[in-house]
Amino acid sequence: VAQQALDLWPAASSVLVCNDARMQEVYWTCATRGSGGLAVPGGPEQVGPPDTVQLSPGLPGPVLGAGRGLAVWPAIAQRLGHQLAKSHAELLPRAHEIARLATPQWLAGQAVAPEQALPVYLRNDVAKPSRK
């Protein structure tokens, strides 16, 4: 999503990505424009209540907002709107950008065997056992 937003507005230096994580929470992170125009992390990936979303300190501007979390939780854009040059709340993750971002790592020999690839979970407490 960060890469899509940066591609849509080449004048932007950074992007705040915010996606709905369900359970009254959002997934969010910041990214900056790196070498070759590729998005690079500009802060930690986080999941939490919508009112915890903020821009990473020192994030270079102009900053875009991107992701469906901004549409689902309009209060985020209202609270941070003055810090965002533009928003693209319609953007969803796409395989095209994932492959584009992975290509430099692949070419540098940083790939792992499929059986060694592990997902990263930001929310550790997804299911709660019934008390009955």
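V72 and W28 fall within a single hydrophobic cluster, where Ile, Leu, Val, Met, Phe, Trp and Tyr are joined by side-chain heavy atoms under 4.5 Å apart, directly or via other members. Transitive grouping of hydrophobic side chains (ILVMFWY, heavy atoms separated by less than 4.5 Å) keeps V26 and L122 in distinct clusters.
The only option from L84, L70, T52, D51 that meets the side chain to side chain contact (heavy atoms under 4.5 Å, CB included) definition with I76 turns out to be L70. Residue Q4 forms a side chain to side chain contact (heavy atoms under 4.5 Å, CB included) with just one option from L91, L64, V17, and that option is L91. Evaluated for a side chain to side chain contact (heavy atoms under 4.5 Å, CB included) with Q3, the options R33, R94, H96, E97 yield exactly one hit, E97.
The heavy-atom pair separating Q24 from P50 by the smallest distance is O-CD, 3.5 Å. Annotation for V15 and A2: closest pair CG1-CB, 3.4 Å, computed over non-hydrogen atoms. Closest heavy-atom contact between L16 and L80: CD2-CD1, 3.8 Å. Heavy atoms only, all atoms of each residue included: C18 and V53 are closest at SG-CG2, 4.3 Å. What you find for G43 and S56 is that their closest heavy atoms are CA-OG, 3.6 Å.
A donor-acceptor pair is defined here as one N or O able to donate and one able to accept, closer than 3.5 Å; such a pair exists between the side chain of T29 and the backbone of P44.
To the nearest 0.5 Å, the span separating OG on S14 from CG on L6 amounts to 7.5 Å. Note: W73 CH2 to E25 CD = 9.5 Å, rounded to the nearest 0.5 Å. For the atom pair CD1 (I98) and OG1 (T103), the distance works out to 11.5 Å, reported to the nearest 0.5 Å.
The number of heavy-atom neighbours closer than 6.0 Å to CZ of R79, taken from other residues, nucleotides and ligands shown, is above 12.
Contact annotation: the side chain of T32 approaches that of P60 to within less than 4.5 Å [non-hydrogen atoms, C-beta and beyond].
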Working for side chain to side chain contact (heavy atoms under 4.5 Å, CB included), residues V47 and M23: CA-CA 11 Å; V47 67; M23 298 172 60; over 6 Å; no
